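Structure first, commentary second.
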Amino acid sequence: MAENSREIPPCNIVDLNVPQQPFPILPPNYIPQPEQPQTNPEEPFIEIDLTPESSLPSPILISDRRSEGLNYRNTPTVPSISPQQAQTMREELFDLIVRFESTLIASLAHNDPTSKQNNLALRQSQEALNQAKLSLQKFQGLLQQRQYDQARRVWLKARRSLWDNYPSDRSVAQPEVRAMWLDRGSIVKTRSEAELAVLFDRMAEAGINTVFMETVNASYPIYPSSVAPEQNPLTKGWDPLKVAIKLAHERNMELHAWVWVFAAANQGHNQVLEQPENYLGPVLSRNPDWGITDKKGNYFDQGQQFKKAFLDPANPKVQDYLLLLFDEIVRNYDVDGIQFDYIRYPFQQPQINQTFGYSKSSRYLFKEMTGIDPIEISPGHPLWNQWTGFRIHQVDSFVARASRHLKKVKPELIISASVFPIEQRDRLFRLQQNWEEWMRQGWVDMMVLMTYALDTGNLEERIELVFDDSWPRSSLVIPGLRLLKVPDPVTIDQLQFIRNLPISGFSLFATENLTPSLRGVLSRVQSSEKSQPLPYREPFKTALARYQSLQKEWMFLANKQGLKMDKDSFKNMDAQGKQLEKALNQLAMNPSRQNLKIAQQTLRQFQQQFPNWMGNQKQTYNYQVQVWENRLQTLDKLLLYGERRMISNSKIR
């Protein structure tokens with residue numbers, strides 16, 4: 001323990017406040033079932049629209065109407081490519097084509113070609129796009145002829161050509177959150193400011209503007225603490241957090257302290273520190289009553305590669321300790337934000353009676369409330385859902401308490417949370433993480449979904465699983481992307497997929513996987529302009545800049561005869577668009593209730609007319625029109641987020 005730290009008092013359950021109300025927030029007698037794979041019965045039909053190339057190739061948009069598809073009634077009993085495989089392959093190549101083309105449009109619209117090398121890259125991208133469209137048409141013909149081996153070769157060649165020529169030679173990024181998790185493993189490899197500076201130089205080169213730095217891991221802070229019993233042994237002798245804040249701010253980056261909340265011990269970390277596998281960590285080993293167990297008394301969760309032991313969210317002593325620790329970080333360090341990780345119970349499988357939460361505190365509280373010890377009940381019991389709701393409430397109450405306290409200490413602090421993109425009902429039963437409520441209550445400024453995927457199709461599925469129209473539109477939600485074992489072109493494709501959604505950014509996991517090749521690509525496609533606003537800091541300026549980006553794309557396509565609009569419609573859209581730009585500019589320069597109201601009304605009118613203006617365009621090029629509608633929706637979200645944040649900080653008149 002550090003010389004100036006104090007002993008953590010043992011748990012005393014007689015101090016606990018017993019809730020007076022049950023928590024009947026879940027459907028009765030619900031037991032989560034294994035998820036069933038979803039299939040799409042529709043087959044895509046792709047219509048190719050080819051136009052002559054100009055000296056500088058213009059985008060050739062591809063239609064994405066869907067129809068009944070191919071007739072497989074006369075195919076062999078065991079074809080080399082089954083109907084389901086054929087559908088998947090067609091959809092994957094088609095989706096890659098339209099994302100590629102959308103990225104190419106952005107690249108052409110936002111950058112003037114300045115060198116022969118850039119012109120060559122654009123020509124290669126355009127040629128790959130043209131050939132991929134023809135290949136998709138050829139692939140379908142070969143399937144109809146049952147020439148499956150040749151069809152597969154055509155498909156693979158087209159996909160590889162698109163990856164190899166993905167538009168990545170120039171900036172296509174808008175103002176957005178470009179975050180990266182700076183992991184503990186990367187931190188402990190550095191021993192000085194100079195070595196840590198190398199990591200920040202690499203992230204800055206890649207266009208990262210927000211760093212989530214792993215500050216508390218398995219109960220070990222990376223800095224010398226007067227609250228925690230022990231600093232991470234691998235960072236003793238210096239203060240990486242203090243140095244990192246300096247390095248980040250020198251590079252115009254924000255530094256957010258990434259903290260493990262309820263996960264208090266990690267078998268993987270024990271291995272690194274040469275501790276016994278089931279060592280409970282510096283906090284739980286001193287206060288075993290602060291932990292939660294399964295019904296058999298096991299602290300460590302099951303089924304994970306590196307099992308973890310958790311603190312009890314229902315124990316006020318635990319909440320007091322965590323709040324004191326986070327308060328220390330916010331008061332003593334100039335952090336721009338704090339990110340809650342492991343803000344949940346361990347993963348559970350209630351259907352096989354594998355559950356967690358049976359601490360002395362929780363059992364006492366629940367029995368006082370219901371007369372039943374929760375260790376005596378199982379899924380299907382009349383009180384099971386109430387027991388689940390009780391645990392959900394404990395996590396919610398800590399998020400609310402921590403948010404209120406930390407915002408009082410530092411009103412400008414950005415609070416974010418790393419959360420699982422699991423369907424809500426199953427998530428509540430499996431890990432009691434109710435992050436939708438955190439958004440509704442405004443306790444968390446930004447939700448970061450851990451939507452890690454090896455390919456863009458899987459990423460899309462994970463995002464679609466949790467995105468809900470019922471969410472408060474004033475919430476900022478960004479996906480997390482994995483880098484490990486993901487090829488650079490796939491990472492860029494995933495980023496562009498994200499940018500085509502009503503989303504204001506992303507976070508990359510993690511610094512240790514930021515390879516030199518990926519760093520080079522990101523440095524080209526992600527603007528590092530210091531003047532670019534951050535959505536969670538300057539939402540109104542971000543909305544203006546993002547709208548101006550849209551205008552550039554529309555004007556570019558109009559000049560290239562790529563918009564299927566009559567002159568009157570385009571003239572009307574241009575006039576209303578200029579009014580919207582003016583309203584957004586006034587709001588960005590002078591945030592006020594009146595200017596916000598005008599901007600919102602003008603945006604709403606523009607959105608209402610947009611489908612009419614784009615009616616002909618959408619019939620053939622539905623994907624690109626949907627992208628533009630999504631980006632207009634992002635503007636609406638930014639204005640609402642800005643309204644909530646500015647009012648809460650009393651900075652809007």
Side-chain angles (χ1 to χ4, degrees), residues 1-11 181-191 195-196 213-241 257-294 296-313 315 317-318 321-322 324-326 328-329 340-348 354 356-360 418 484 509-512:
M1 181 177 292
E3 293 182 1
N4 58 348
S5 64
R6 59 177 176 77
E7 291 290 339
I8 303 172
C11 174
W181 282 284
L182 175 51
D183 54 285
R184 175 193 54 81
S186 295
I187 297 168
V188 300
K189 291 177 183 177
T190 65
R191 301 291 180 181
E195 292 179 354
L196 190 57
M213 184 176 190
E214 196 160 14
T215 302
V216 179
N217 171 294
S219 297
Y220 292 100
I222 63 169
Y223 64 91
S225 172
S226 61
V227 175
E230 185 180 351
Q231 182 182 359
N232 189 319
L234 301 178
T235 63
K236 284 185 176 180
W238 73 307
D239 190 337
L241 179 59
W258 158 25
V259 296
W260 291 25
V261 181
F262 295 121
N266 178 10
Q267 288 184 345
H269 198 226
N270 289 342
Q271 190 178 92
V272 172
L273 298 181
E274 299 181 348
Q275 293 277 9
E277 182 181 57
N278 289 332
Y279 174 57
L280 291 175
V283 174
L284 269 182
S285 61
R286 291 167 169 81
N287 300 273
D289 285 349
W290 284 20
I292 54 175
T293 69
D294 62 14
K296 297 179 181 179
N298 299 312
Y299 282 98
F300 285 89
D301 58 3
Q302 304 299 312
Q304 305 295 314
Q305 181 181 5
F306 293 116
K307 299 178 175 60
K308 298 174 180 67
F310 280 67
L311 295 166
D312 179 15
N315 190 324
K317 299 293 184 182
V318 168
Y321 166 73
L322 292 172
L324 193 62
L325 182 63
F326 302 157
E328 175 184 59
I329 295 171
F340 296 147
D341 196 7
Y342 291 97
I343 183 75
R344 59 177 177 84
Y345 279 74
F347 262 103
Q348 300 146 72
Q354 185 185 97
F356 266 84
Y358 303 98
S359 67
K360 291 182 180 179
S418 296
L484 180 64
F509 189 85
T511 305
E512 65 178 347

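From a predicted model like this one, the values you see are computed outputs, not experimental measurements.
Shown here for Gly281 and Ala265, the closest heavy-atom pair between the two residues is N-CB, 4.0 Å. The two atoms that bring Glu195 and Lys189 nearest to each other are OE1-O, 3.8 Å, heavy atoms only. Taking every heavy atom of both residues into account, Ala218 and Pro282 meet most closely at O-CD, 4.0 Å. When all heavy atoms of Phe310 and Pro346 are compared, the pair lying nearest together is CD1-CG, 3.4 Å. Across Asp239 and Tyr223, no two heavy atoms sit closer than the pair OD1-CB, 3.4 Å. Smallest separation of non-hydrogen atoms from Ile222 and Asn232: CA-CB, 4.4 Å.
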Would Tyr220 and Leu273 count as a side chain to side chain contact (heavy atoms under 4.5 Å, CB included) if you check the C-alpha gap in whole Å, the side-chain angles of each, and the deciding distance to 0.1 Å?
CA-CA 11 Å; Tyr220 292 100; Leu273 298 181; 3.7 Å; yes

Worked verdict on Gln354 versus Lys296 for side chain to side chain contact (heavy atoms under 4.5 Å, CB included):
CA-CA 10 Å; Gln354 185 185 97; Lys296 297 179 181 179; over 6 Å; no

Show your reasoning for whether side chain to side chain contact (heavy atoms under 4.5 Å, CB included) applies to Trp238 and Thr190.
CA-CA 11 Å; Trp238 73 307; Thr190 65; 3.6 Å; yes

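Leu284 places a side-chain heavy atom less than 4.5 Å from the side chain of Leu311. Contact of the Ser225 side chain with the Leu325 side chain is registered, since non-hydrogen atoms from C-beta on lie closer than 4.5 Å. The shortest distance between side-chain heavy atoms of Val188 and Val272 does not fall below 4.5 Å. Within the 4.5 Å cutoff, no side-chain heavy atoms of Glu277 are placed close to those of Phe300.
Between Phe326 atom CZ and Thr215 atom OG1 the span is 10.0 Å, to the nearest 0.5 Å. The distance from the NZ atom of Lys307 to the CG atom of Asn298 is 10.5 Å, given to the nearest 0.5 Å. Of the inter-residue distances, the one linking Asp301 atom CG with Thr293 atom OG1 reads 12.5 Å to the nearest 0.5 angstrom. Note that CH2 of Trp290 and CG of Leu280 are 13.5 Å apart. Values are rounded to the nearest 0.5 Å. Note that NZ of Lys317 is 10.5 Å distant from CG of Asn287, once rounded to the nearest 0.5 Å.
Listed by chain and residue number, Asp312, Ser362 satisfy the side-chain hydrogen bond (donor to acceptor under 3.5 Å, both in side chains) test with Ser359 (two or more places apart in sequence, or in another chain). Under the ring pair (Phe, Tyr, Trp, His ring centres under 6.0 Å) criterion, Phe509 pairs with Trp181, Tyr452, not counting sequence neighbours. Partners of Tyr358 according to the ring pair (Phe, Tyr, Trp, His ring centres under 6.0 Å) rule, which considers only residues two or more places apart in sequence or in another chain, are Trp387. The ring pair (Phe, Tyr, Trp, His ring centres under 6.0 Å) test applied to Phe262 returns Phe398, not counting sequence neighbours. Ser186 is linked by a side-chain hydrogen bond (donor to acceptor under 3.5 Å, both in side chains) to Asp183, counting only residues two or more places apart in sequence or in another chain. Remark: Tyr345 pairs with no residue by the ring pair (Phe, Tyr, Trp, His ring centres under 6.0 Å) rule, at least two apart or across chains. With sequence neighbours left out, the side-chain hydrogen bond (donor to acceptor under 3.5 Å, both in side chains) criterion links Thr235 to Gln231. Among residues two or more places apart in sequence or in another chain, the side-chain hydrogen bond (donor to acceptor under 3.5 Å, both in side chains) test is passed with Tyr279 by none. With sequence neighbours left out, Pro288 forms a side chain to side chain contact (heavy atoms under 4.5 Å, CB included) with Tyr299.
Counting only residues at least two apart or on different chains, the side-chain hydrogen bond (donor to acceptor under 3.5 Å, both in side chains) pairs with a member in residues 258-271 are Glu214-Trp260, Trp258-Asp341, Gln267-Asn278.
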